[in-house]
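Reviewing the structure listed below.
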Number of protein chains: 2
Amino acid sequence: MRWQDLDQEPCSMARTLAVIGDRWTLLILRDCFLGVRRFERFQERLGITRHVLSDRLRKLVEAGVLEKRAYQERPVREEYRLTTMGLELHPAIIHLVQWGDRWLSDDHGAPLQHVHRGHGHRFQAQLTCADCGEVVGPRDVTVVANPALARQLDLPDESRSPDTAWRQGG
Amino acid sequence: MRWQDLDQEPCSMARTLAVIGDRWTLLILRDCFLGVRRFERFQERLGITRHVLSDRLRKLVEAGVLEKRAYQERPVREEYRLTTMGLELHPAIIHLVQWGDRWLSDDHGAPLQHVHRGHGHRFQAQLTCADCGEVVGPRDVTVVANPALARQLDLPDESRSPDTAWRQGG
DNA sequence: CTATTTAGTTCCTTTTTGGAACTCTAAGTG
DNA sequence: CACTTAGAGTTCCAAAAAGGAACTAAATAG
């Protein structure tokens with residue numbers, strides 16, 4: 001399968017990656033959450049090639065994750081801002097960053113520390129269930145195929161009773 | 001900058017992407033969480049080229065995200081399983097999938113539905129603070145540079161007082 | 001002896017990236 | 001006016017990565 005056909009797959013991860021799974025895209029978005037908005041600034045911070053940056057920003061705008069807004073006329077200069085759709089990537093990005101903090105830091109520790117604003121304490125991400133509020137680990141979530149699509153999904157047997165699917169001891 | 005130098009950056013997102021930011025890697029990991037373990041199965045489900053799959057699995061094992069375990073001798077056949085490090089990607093993956101469910105689904109709705117095991121209700125991911133338990137949105141998290149690395153990070157001014165950094169109205 | 005299963009590897013073509021230079025619009029400077 | 005600067009790109013070419021298909025290897029089944 002070609003990468004460019006990913007967005008046709010009946011899989012939300014595939015479709016998500018069709019939007020944000022390109023090389024550099026998540027780094028661009030991380031910088032958006034840090035307040036970066038302008039082409040030159042992304043380029044110098046990321047060290048990304050200019051035409052790749054141009055391409056990524058254009059695709060993110062097309063997808064609706066960023067919007068382009070003029071911050072001056074004559075000459076027209078535009079900046080990129082997160083839309084609501086983009087802002088909703090925040091939990092995923094926070095978890096990815098904190099996974100890196102935890103597993104990939106060097107002796108200095110995490111490069112950036114998150115703070116829970118208005119609380120003073122460190123912010124550490126935790127996954128909970130919106131319905132009942134409980135903390136949720138990998139073992140607490142199960143999947144059910146959408147009946148309309150079940151046949152296409154071709155899940156492994158274990159996954160139809162996923163309680164043991166990914167378990168260590170298996 | 002070259003992609004292969006990413007893991008040297010003083011940034012947890014960069015380092016995380018150096019491990020899981022390659023094309024196909026997150027799809028492989030999604031399948032791991034769905035219970036897929038074997039080469040042939042990944043290959044047929046993903047439609048990925050065999051040598052790319054081989055390369056990705058090898059890198060994930062080297063990074064410590066997956067481990068290779070023989071499930072039979074004569075001939076030796078090995079399968080891939082999530083390590084603890086890999087299992088801890090679960091929250092990030094859940095959020096990415098649910099972002100796709102929300103923003104990129106077609107008429108049929110989400111291909112897979114998550115269920116909170118033992119509760120019967122639908123599982124919808126929510127980001128909370130591990131310290132105080134409160135639900136946390138993009139506006140509630142702020143960053144502070146690790147003093148040891150602050151100079152290298154080169155954050156934009158807004159980000160040093162990040163309350164307005166990414167705000168829509170700006 | 002031949003076919004099948006599983007997990008790869010090899011070879012070659014097509015696509016994507018990386019690097020560097022160039023373009024365009026308008027403002028500021030002497 | 002000519003000259004330089006700023007910001008946001010575009011163009012061109014070489015290098016790296018991905019796609020496609022066939023091939024290898026080890027053991028078992030018929």
Side-chain angles (χ1 to χ4, degrees), chain A residues 1-9 14 17-28 31-32 35-62 66-81 156-157, chain B residues 1-9 14 17-28 31-32 35-62 66-81 156-157:
Chain A
M1 182 197 289
R2 273 159 307 177
W3 183 259
Q4 61 185 61
D5 300 331
L6 257 194
D7 58 350
Q8 303 304 315
E9 290 290 296
L17 292 176
V19 175
I20 61 153
D22 267 308
R23 268 187 187 182
W24 299 110
T25 298
L26 276 168
L27 283 173
I28 291 170
D31 270 10
C32 290
V36 177
R37 293 174 179 168
R38 300 188 185 173
F39 190 95
E40 293 293 322
R41 194 90 177 103
F42 286 113
Q43 202 278 320
E44 71 189 22
R45 277 176 52 85
L46 300 176
I48 182 179
T49 312
R50 301 175 75 82
H51 70 286
V52 172
L53 176 58
S54 173
D55 177 75
R56 295 301 180 275
L57 290 170
R58 184 179 50 71
K59 284 180 181 159
L60 286 170
V61 169
E62 279 170 13
L66 297 182
E67 64 181 352
K68 215 169 166 175
R69 189 191 293 194
Y71 65 87
Q72 73 170 40
E73 313 290 335
R74 325 157 70 88
V76 176
R77 294 272 188 259
E78 301 186 283
E79 61 183 11
Y80 297 88
R81 286 163 181 252
D157 284 350
Chain B
M1 183 198 290
R2 273 159 306 177
W3 183 258
Q4 61 184 62
D5 300 333
L6 258 193
D7 59 349
Q8 303 305 315
E9 289 291 294
L17 292 176
V19 175
I20 61 152
D22 267 308
R23 268 187 187 182
W24 299 109
T25 298
L26 275 169
L27 283 173
I28 292 170
D31 270 10
C32 290
V36 177
R37 294 173 178 168
R38 298 186 186 175
F39 190 93
E40 292 294 322
R41 194 89 177 104
F42 286 114
Q43 201 277 320
E44 71 190 20
R45 277 176 53 84
L46 300 176
I48 181 179
T49 312
R50 300 176 78 83
H51 70 285
V52 172
L53 175 59
S54 174
D55 175 75
R56 294 302 179 275
L57 290 170
R58 185 180 50 71
K59 283 181 181 159
L60 285 169
V61 170
E62 279 171 14
L66 297 181
E67 62 181 353
K68 214 169 167 173
R69 189 190 296 193
Y71 65 89
Q72 72 170 42
E73 314 289 336
R74 323 157 68 89
V76 176
R77 295 272 187 257
E78 301 186 283
E79 62 183 11
Y80 296 89
R81 287 165 180 253
D157 283 352

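Chain naming here is simple, since letters A, B, ... match the order of the sequence lines and numbering starts at 1 in each.
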Between atom [atom1] of [X] and atom [atom2] of [Y], what is the distance when rounded to the nearest 0.5 Å?
| X | Y | atom1 | atom2 | value |
| --- | --- | --- | --- | --- |
| A:W24 | B:M1 | CH2 | CE | 5.5 Å |
| B:L6 | A:L46 | CG | CG | 9.5 Å |
| B:L53 | B:T25 | CG | OG1 | 10.0 Å |

Just N and O in the side chain of A:Y71: are any of them under 4.0 Å from OP1 or OP2 of D:dA8?
yes
Atom-to-atom span, CG of A:L60 to C1' of D:dG9 - whole angstrom:
16 Å
Rounded to whole Å, CD of A:Q43 lies from C1' of D:dG9 at a distance of 11 Å
Provide the start and end nucleotides, 5' to 3', of the part of DNA chain C that has atoms under 4.0 Å from heavy atoms of chain B.
C:dT5 to C:dG19
Has B:Q72 got a side-chain atom pairing as donor or acceptor with B:P75's backbone, closer than 3.5 angstrom?
yes
Testing the basics here: between [X] and [Y], what is the closest heavy-atom pair and its distance to 0.1 Å?
| X | Y | answer |
| --- | --- | --- |
| B:R56 | B:R23 | NE-O, 3.1 Å |
| A:I28 | A:F42 | O-CE2, 3.6 Å |
| B:V76 | B:A70 | CG1-CB, 4.4 Å |

Test salt bridge (Lys or Arg N to Asp or Glu O under 4.0 Å), reference A:E78, set A:R38, A:R37, A:R58, A:K68, output is A:K68
Mind checking B:Y80 for me? I need base, sugar-phosphate or nothing, with any heavy atom below 4.0 Å counting as a touch.
sugar-phosphate
Indicate for each nucleotide in nucleotides 17-27 of chain D, in 5' to 3' sequence, whether protein heavy atoms under 4.0 Å reach the base (B), only the sugar-phosphate (S), or nothing (-).
SSBB-B---BS
